[in-house]
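Accompanying notes for the structure given below.
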Amino acid sequence: MKPFRYALLCLLPVLLPMSAGAQVAKAINEHPATQVTFEYLRNAMGKDWVKAAALIEADSLETLKQRYIRRIKASATIDEEMAHVRRLDCNRLKDVESLSGKEFYIRYHKGIQLRFEVDQAKLDKILASLAVKLLSLAEEKVEDQELCHILVRTRHSDGEKQVSALDLVSLVKVEDAWKVTLNAKDPYVKPVDGKK
């Protein structure tokens, strides 16, 4: 479906009678990229990093790992470098470099979780109260990639406070499946024809 058609679909509930608008909203909610987005957010907010990683495209995971490796190499001291390495439950930079993108993602987030000591009771409350509302969906084609961008409002409670956030999740079509991409927000730069 063309990108402008999705933009129009997102506006139709405002323009059409309630029954037609409800049908359009239902169609957008049933889009396969929407289903992946909801599952990804639930896994990420529930700290199930293995399931969250399975929904992310491999290129994004590798990009995330390479950025972290550059951060390690830019450390001002050996102690700082080792702290970054140990956060991933590794002993040397070579150990980090040998991780797959998926394993890096899982270890990175588990390390953050340990540092902030999020307990299971709070996670259970967050997941029990989690609500995700689809606000809009737009598709585009960049070069040979099909992308889908989904804007959602998330709400949850950890038992102490209510949290509401606006999230933009981008997905890329990999073969016949939609996968979350962490690279879509990066600037896309290519030379103008005939220029270096």
Enter the distance from [X]:[atom1] to [Y]:[atom2] here, rounded to the nearest 0.5 Å.
| X | Y | atom1 | atom2 | answer |
| --- | --- | --- | --- | --- |
| Glu140 | Ser170 | CD | OG | 8.0 Å |
| Lys122 | His156 | NZ | NE2 | 10.0 Å |
| Ser75 | Glu80 | OG | CD | 4.0 Å |
| Ile72 | Arg92 | CD1 | CZ | 13.0 Å |
| Glu103 | Leu88 | CD | CG | 9.5 Å |
| Leu123 | Met45 | CG | CE | 10.0 Å |

Ignoring hydrogens and geometry, is there a side-chain-to-backbone donor-acceptor pair from Asn43 to Tyr40 under 3.5 Å?
no
Okay, side chain of Thr37, backbone of Ala33: is any donor-acceptor separation there less than 3.5 Å?
yes
So which atom in [X] and which in [Y] form the shortest heavy-atom distance, rounded to 0.1 Å?
| X | Y | answer |
| --- | --- | --- |
| Ser100 | Lys65 | O-CD, 4.3 Å |
| Leu61 | Ala53 | CD1-O, 3.9 Å |
| Tyr108 | Arg71 | OH-NH1, 4.5 Å |

From CA spacing to verdict: side chain to side chain contact (heavy atoms under 4.5 Å, CB included), Lys51, Glu39:
CA-CA 9 Å; Lys51 287 183 180 175; Glu39 188 178 346; 5.9 Å; no
Side chain to side chain, [X] and [Y], heavy atoms closer than 4.5 Å:
| X | Y | result |
| --- | --- | --- |
| Lys125 | Ser157 | no |
| Asp59 | Val172 | no |
| Arg42 | Val132 | no |
| Val163 | Asp158 | no |

Distance-only donor-acceptor check, side chains Glu62 and Gln66, under 3.5 Å:
yes
Give the C-alpha distance, both sets of side-chain angles, the deciding distance and a yes or no for side chain to side chain contact (heavy atoms under 4.5 Å, CB included) between Ile56 and Leu182.
CA-CA 8 Å; Ile56 301 172; Leu182 308 174; 4.1 Å; yes
Evaluate the side chain to side chain contact (heavy atoms under 4.5 Å, CB included) criterion for residues Lys185 and Leu168: first the C-alpha distance (whole Å), next the side-chain angles of each, then the deciding distance (0.1 Å), finally the verdict.
CA-CA 10 Å; Lys185 294 175 191 168; Leu168 176 65; 4.1 Å; yes
Of all pairs that satisfy ring pair (Phe, Tyr, Trp, His ring centres under 6.0 Å), the ones with a partner from residues 131-151, not counting sequence neighbours
none
Which pairs would a plain distance check flag for residues 174-181, meaning a side-chain donor or acceptor within less than 3.5 Å of a matching protein atom at least two apart in sequence or in another chain?
| residue | atom | partner | partner atom | Å |
| --- | --- | --- | --- | --- |
| Lys179 | NZ | Ala54 | O | 2.7 |
| Thr181 | OG1 | Glu57 | OE2 | 2.7 |
| Thr181 | OG1 | Ser60 | OG | 3.2 |
| Thr181 | OG1 | Asn183 | N | 3.2 |

Check the orientation of His109 and Trp49. Use parallel for under 30°, tilted for 30 to 60°, and perpendicular for over 60°.
parallel
Under the side chain to side chain contact (heavy atoms under 4.5 Å, CB included) rule, what do Arg107 and Val96 come out as? Steps first, then yes or no, please.
CA-CA 10 Å; Arg107 287 183 184 214; Val96 176; over 6 Å; no
Steps toward salt bridge (Lys or Arg N to Asp or Glu O under 4.0 Å) verdict (Asp186, Arg67)
CA-CA 13 Å; Asp186 293 343; Arg67 285 181 181 158; 2.5 Å; yes
Tell me whether Lys173 is salt-bridged to Glu139, with the criterion being a basic N under 4.0 Å from an acidic carboxylate O.
no
Neighbour count >12 (heavy atoms, 6.0 Å) for atom CZ, Arg153:
yes
